[in-house]
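Comments concern the structure below.
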Number of protein chains: 4
Amino acid sequence: MTSRAPDPGRRNPRSRAAILAATRELLAEAGFRALTIEKIAARAGVGKQTIYRWWPSKGAVVFDALLALSETPEGAESGTPGTVELPDTGDIDADLRTVLRATVAEFADPAFEAPLRALYIEMITDADLAADYRRRMAAPINEAKRRRLRTAQEQGQLHPDADLDLIVEMLYAPLTQRWLLGTGPLDRDFADRLVTNALHAARAPGAAAPDDQRE
Amino acid sequence: MTSRAPDPGRRNPRSRAAILAATRELLAEAGFRALTIEKIAARAGVGKQTIYRWWPSKGAVVFDALLALSETPEGAESGTPGTVELPDTGDIDADLRTVLRATVAEFADPAFEAPLRALYIEMITDADLAADYRRRMAAPINEAKRRRLRTAQEQGQLHPDADLDLIVEMLYAPLTQRWLLGTGPLDRDFADRLVTNALHAARAPGAAAPDDQRE
Amino acid sequence: MTSRAPDPGRRNPRSRAAILAATRELLAEAGFRALTIEKIAARAGVGKQTIYRWWPSKGAVVFDALLALSETPEGAESGTPGTVELPDTGDIDADLRTVLRATVAEFADPAFEAPLRALYIEMITDADLAADYRRRMAAPINEAKRRRLRTAQEQGQLHPDADLDLIVEMLYAPLTQRWLLGTGPLDRDFADRLVTNALHAARAPGAAAPDDQRE
Amino acid sequence: MTSRAPDPGRRNPRSRAAILAATRELLAEAGFRALTIEKIAARAGVGKQTIYRWWPSKGAVVFDALLALSETPEGAESGTPGTVELPDTGDIDADLRTVLRATVAEFADPAFEAPLRALYIEMITDADLAADYRRRMAAPINEAKRRRLRTAQEQGQLHPDADLDLIVEMLYAPLTQRWLLGTGPLDRDFADRLVTNALHAARAPGAAAPDDQRE
DNA sequence: GCCTAAGCGAGACGGTACGTCGTGTCTTACC
DNA sequence: GGTAAGACACGACGTACCGTCTCGCTTAGGC
């Protein structure tokens with residue numbers, strides 16, 4: 001079982017960084033369709049085998065390239081990578097507006113958008129990668145979102161029965177969809193309307209009905 | 001300008017049908033990654049050039065394969081393809097439940113799911129294809145959804161100011177997201193909860209804030 | 001059976017010629033160890049697949065490159081490719097000297113030597129190629145050599161029982177060996193001594209002992 | 001200058017033996033084309049560097065593997081490796097028959113044949129290796145052959161002017177050629193005919209004409 | 001009996017070439 | 001002129017070895 005995996009202790013961190021940087025550059029310059037393992041290796045000044053040795057797929061490289069982007073700009077190995085926290089001014093409406101507007105801004109930044117788009121494409125046909133993404137990227141962020149909503153709920157700003165998990169999806173899925181497919185403008189107004197409507201749902205009585213009648 | 005376009009009158013309908021059928025079969029059997037123009041041509045007993053002559057990209061073939069699936073099972077060229085209508089029993093809540101549960105069922109059908117997934121992947125990197133999809137497939141369906149909500153609004157089941165376009169997105173985007181990325185179970189319960197929460201939003205006062213400051 | 005072989009009628013003769021020319025050039029420039037399919041394809045301006053489609057191995061390409069060298073310098077498709085004839089002045093000794101000296105000269109010509117050396121290396125590990133070589137290149141030449149010796153034998157210049165096949169091998173194998181391995185100088189003197197000694201053997205009485213006691 | 005050469009005193013004889021044994025095994029099992037440094041190292045349980053440290057090329061390893069085969073099966077470091085002696089019963093004809101038949105038998109033994117064939121291939125493109133082979137393996141054997149012929153010559157069994165060096169080549173080159181390229185059966189009959197004809201040449205008057213007219 | 005330098009197993013590394021697959025274009029022969 | 005067939009130049013795939021390089025670990029002598 002342990003016999004096939006290479007020893008991470010021997011891994012050359014310079015090569016790793018060069019590969020991730022090359023991946024980001026190529027995505028920003030030419031888009032996902034032009035991203036090939038050969039070009040990454042050539043740009044990074046690295047043998048192809050070094051990529052195949054450490055990543056199971058091109059999607060996994062893209063994933064790491066994106067992760068590396070979020071991490072330590074330069075300094076220490078990031079304080080506590082798992083702890084994400086949303087702003088809490090006491091006003092759930094304003095706070096969500098802030099957060100969704102920030103997300104809209106991220107989607108407008110090519111340096112972030114290009115690798116993320118590439119990652120989504122890979123995830124759609126690679127369930128393993130999708131699971132990895134959920135576990136390592138999405139899960140902590142979603143947890144933070146739910147936490148913020150729960151605080152608001154406890155403070156009486158949301159209905160005690162509100163279906164908080166669903167509210168999170170209703171907030172973000174429309175955003176993601178417009179970004180991925182261009183099905184509509186992706187601006188602050190859209191973010192604001194999403195917040196307004198999602199919070200209406202979360203304030204209504206009898207929101208959650210988890211008496212799951214199985215299909 | 002006219003010199004390059006092939007004459008559609010001379011097009012061989014048997015070849016066209018064979019190509020679309022082969023595309024669907026290959027997608028169902030082996031998934032999107034294994035779908036190649038060469039395999040489609042071989043399976044359809046058709047020259048590669050016949051595909052390149054009539055479709056601008058592989059995504060366009062997939063699109064047509066999916067369209068052909070929705071159309072006339074065998075008989076006439078379908079009465080009026082543009083006219084979609086949602087059920088209207090007078091109870092918006094029940095009707096939406098019916099419709100979303102049907103969508104959930106569609107996503108569970110491999111014959112439908114495989115080409116649609118392939119199409120989504122293509123659209124994410126092909127804006128032209130995405131625009132085509134919106135115009136020819138999504139637009140009429142979305143129009144029907146909005147129509148049904150407007151009827152309910154006019155009957156007083158929804159708030160007069162409800163942001164109906166947004167409600168449609170909040171209903172369907174979470175569904176699509178779970179399907180594409182597997183971010184959660186995709187069942188009747190989820191559909192029902194979506195309907196419940198979206199309608200809460202649509203019944204709240206002051207829903208829409210159409211003081212749309214365009215970006 | 002016939003299904004796997006490509007149709008030679010569709011073969012592009014310009015590509016074929018370019019491949020063989022590139023092979024000869026690369027061999028002359030850098031020797032056998034530097035000869036790769038990729039370099040041949042690049043130099044010939046040809047896709048690798050075009051080589052793999054028409055030749056079963058690198059050795060087969062080298063073989064054809066060598067054959068093409070011997071054929072039609074430019075004009076017609078060569079009169080009768082199979083008919084080789086050695087000089088016959090009536091003096092077997094002088095004629096053999098002429099022929100072996102010519103062989104020595106050939107081995108000194110890099111344009112001929114390089115591909116032939118490459119071909120020998122391939123043949124040593126590829127029995128199929130070796131058989132092909134014997135059938136298409138060596139056989140007609142050996143037949144001509146035996147013919148010339150037989151004429152001399154009929155004219156009484158050689159013993160009636162002389163083992164002519166063996167004499168041919170004793171004439172040429174030492175030449176080939178010195179060429180391949182550099183086991184000694186390869187000059188006209190060596191050629192002359194080979195002729196002298198081989199003819200001594202061919203003139204001795206009781207040369208052949210075909211009372212083959214099988215091992 | 002002395003800084004780069006490793007100290008032979010520190011060489012691990014167990015590794016050396018394992019490498020040579022692995023080389024022979026791999027050659028016998030899969031032939032020359034499958035012989036790689038990596039496979040040798042893996043089979044021998046040795047680091048690649050240990051091979052690169054002590055041998056300049058793969059051919060050199062093969063050479064040593066072959067040498068080790070001829071040497072001491074296990075015991076002492078072989079009496080005097082340089083001293084080879086051909087049988088001498090007083091009958092040159094019978095003795096040569098014995099020796100050539102033994103050579104034929106060697107070529108039929110895969111344990112000996114496989115490394116020797118590999119060595120020949122290397123020598124054809126590696127002049128240094130060829131020179132080494134001549135000096136350390138071929139020279140003493142050829143010297144013994146010439147010695148035996150000279151003895152026969154002194155006893156009047158061969159002509160006083162016989163070109164003994166050439167006779168040796170005419171005896172062995174045809175044998176080697178048939179072995180390497182499979183140009184004909186390699187059996188006792190062939191060996192016997194070679195001896196008969198070569199000795200005819202060696203008994204004829206005026207054999208050698210070393211009045212070398214330089215080309 | 002310690003120290004240090006070498007050989008050693010292991011295997012990551014930057015590369016080159018392999019042989020295969022798919023792309024989109026072109027050509028040939030048929031209808 | 002559309003079509004089935006498939007050759008073509010091209011480029012990427014994922015794998016195998018190359019020869020070099022760094023790691024710890026053993027294993028001498030030399031002190």
Side-chain angles (χ1 to χ4, degrees), chain A residues 6-12 14-16 18 33-42 44-54 56-58, chain B residues 6-12 14-16 18 33-42 44-54 56-58, chain C residues 6-12 14-16 18 33-42 44-54 56-58, chain D residues 6-16 18 34-42 44-54 56-58:
Chain A
D7 173 4
R10 290 184 167 276
R11 186 167 191 177
N12 183 343
R14 298 168 63 87
S15 295
R16 189 190 123 95
R33 308 211 95 118
L35 186 73
T36 66
I37 299 277
E38 297 217 322
K39 283 206 183 76
I40 296 172
V46 138
K48 286 200 295 181
Q49 202 59 49
T50 301
I51 301 181
Y52 286 111
R53 180 154 37 231
W54 299 110
S57 69
K58 191 164 66 182
Chain B
D7 175 3
R10 287 188 169 264
R11 184 167 191 178
N12 183 341
R14 297 168 63 87
S15 293
R16 188 189 124 94
R33 306 214 96 116
L35 186 73
T36 67
I37 300 275
E38 298 216 321
K39 283 206 183 76
I40 296 173
V46 138
K48 280 165 42 169
Q49 198 61 286
T50 301
I51 300 179
Y52 284 109
R53 182 157 30 234
W54 299 109
S57 69
K58 191 162 67 182
Chain C
D7 174 4
R10 289 183 167 275
R11 186 167 190 176
N12 183 343
R14 297 167 63 87
S15 295
R16 188 189 124 95
R33 307 210 95 116
L35 186 73
T36 66
I37 299 276
E38 296 217 321
K39 284 206 181 77
I40 295 173
V46 136
K48 285 199 296 181
Q49 201 58 52
T50 301
I51 300 181
Y52 286 111
R53 179 154 38 231
W54 300 110
S57 69
K58 192 163 65 180
Chain D
D7 174 4
R10 286 184 170 269
R11 185 168 191 175
N12 184 341
R14 297 167 63 86
S15 294
R16 188 189 125 95
L35 186 74
T36 66
I37 299 277
E38 299 217 321
K39 284 207 184 77
I40 295 173
V46 138
K48 288 187 343 179
Q49 200 62 273
T50 301
I51 300 180
Y52 285 109
R53 180 156 32 233
W54 299 109
S57 69
K58 191 165 64 181

Pairs of donor and acceptor atoms involving the side chains of residues 33-42 of chain C, under 3.5 Å and at least two apart or interchain, shall be tabulated with distances.
unit_1, atom_1, unit_2, atom_2, d
C:Arg33, NH1, D:Thr125, OG1, 2.6
C:Thr36, OG1, C:Lys39, N, 3.0
C:Glu38, OE2, C:Lys48, NZ, 2.8

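- Taking atom CZ of B:Arg14 as the reference point, atom P of F:dA4 lies 11 Å away to the nearest angstrom.
- Across the protein-nucleic acid pair, A:Asp7 atom CG and E:dC13 atom P stand 10 Å apart, rounded to whole Å.
- Taken to the nearest 0.5 Å, the CZ atom of A:Arg10 stands 11.0 Å off from the CZ atom of A:Arg53.
- Nucleotide F:dG11 holds its C1' atom 8 Å from the NZ atom of A:Lys39, rounded to whole Å.
- If you check every strand for non-hydrogen atoms under 4.0 Å, B:Gly45 touches sugar and phosphate atoms only.
- Around CZ of D:Arg14, the count of heavy atoms belonging to other residues, nucleotides or ligands within 6.0 Å does not exceed 12.
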What's touching nucleotides 28-31 of chain E from the protein side, N or O pairs under 3.5 Å?
unit_1, atom_1, unit_2, atom_2, d
E:dT28, O2, C:Arg10, NH2, 3.3

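- For F:dG2, neither phosphate oxygen OP1 nor OP2 lies less than 4.0 angstrom from any side-chain nitrogen or oxygen of B:Ser15.
- In this structure, A:Ile51 atom CD1 and E:dC13 atom P are separated by 11 Å, rounded to whole Å.
- In this model, the phosphate group of E:dA6 is not approached by any side-chain N or O of D:Trp54 to a distance below 4.0 Å at OP1 or OP2.
- For A:Ala44 and B:Ala34, each mapped to the nucleotide of DNA chain E holding its nearest heavy atom, the one lying further toward the 5' end belongs to A:Ala44.
- Counting all heavy atoms, side chain and backbone alike, B:Ala44 lies closest to B:Ala18 at CB-O, 3.6 Å.
- Taking only distance into account, the side chain of D:Gln49 never meets the base of E:dC8 through a donor-acceptor pair shorter than 3.5 Å.
- Rounded to whole Å, the distance from CZ on C:Arg33 to P on F:dC18 is 11 Å.
- Computed from coordinates, the B:Ile40 CD1 to E:dG22 C1' distance equals 12 Å when rounded to whole Å.
- The distance between atom CG of D:Asn12 and atom C1' of E:dC8, rounded to the nearest whole Å, is 8 Å.
- In this structure, the nucleotide among E:dG19, F:dT20, E:dT23 sitting nearest to the side chain of D:Tyr52 is F:dT20.
- Side chain of C:Ile37, nearest nucleotide from E:dC26, E:dA10, E:dG19: E:dG19.
- Nearest to the side chain of A:Glu38, among F:dT3, F:dA7, F:dA12, sits F:dA12.
- Rounded to whole Å, atom P of F:dC18 lies 18 Å from atom NZ of A:Lys48.
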Next on the checklist: side-chain contact (heavy atoms from CB on, under 4.5 Å) for D:Trp54 and D:Arg16? Distances and angles first, verdict last.
Outcome noted: CA-CA 9 Å; D:Trp54 299 109; D:Arg16 188 189 125 95; over 6 Å; no
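- Within 4.0 Å (heavy atoms only), A:Arg53 reaches at least one base atom of the nucleic acid.
- Residue C:Thr50 places no side-chain N or O under 4.0 Å from the OP1 or OP2 atom of F:dA7.
- Checking A:Gly47 against C:Lys58, the closest nucleotide of DNA chain E that is more toward the 5' end is the one next to A:Gly47.
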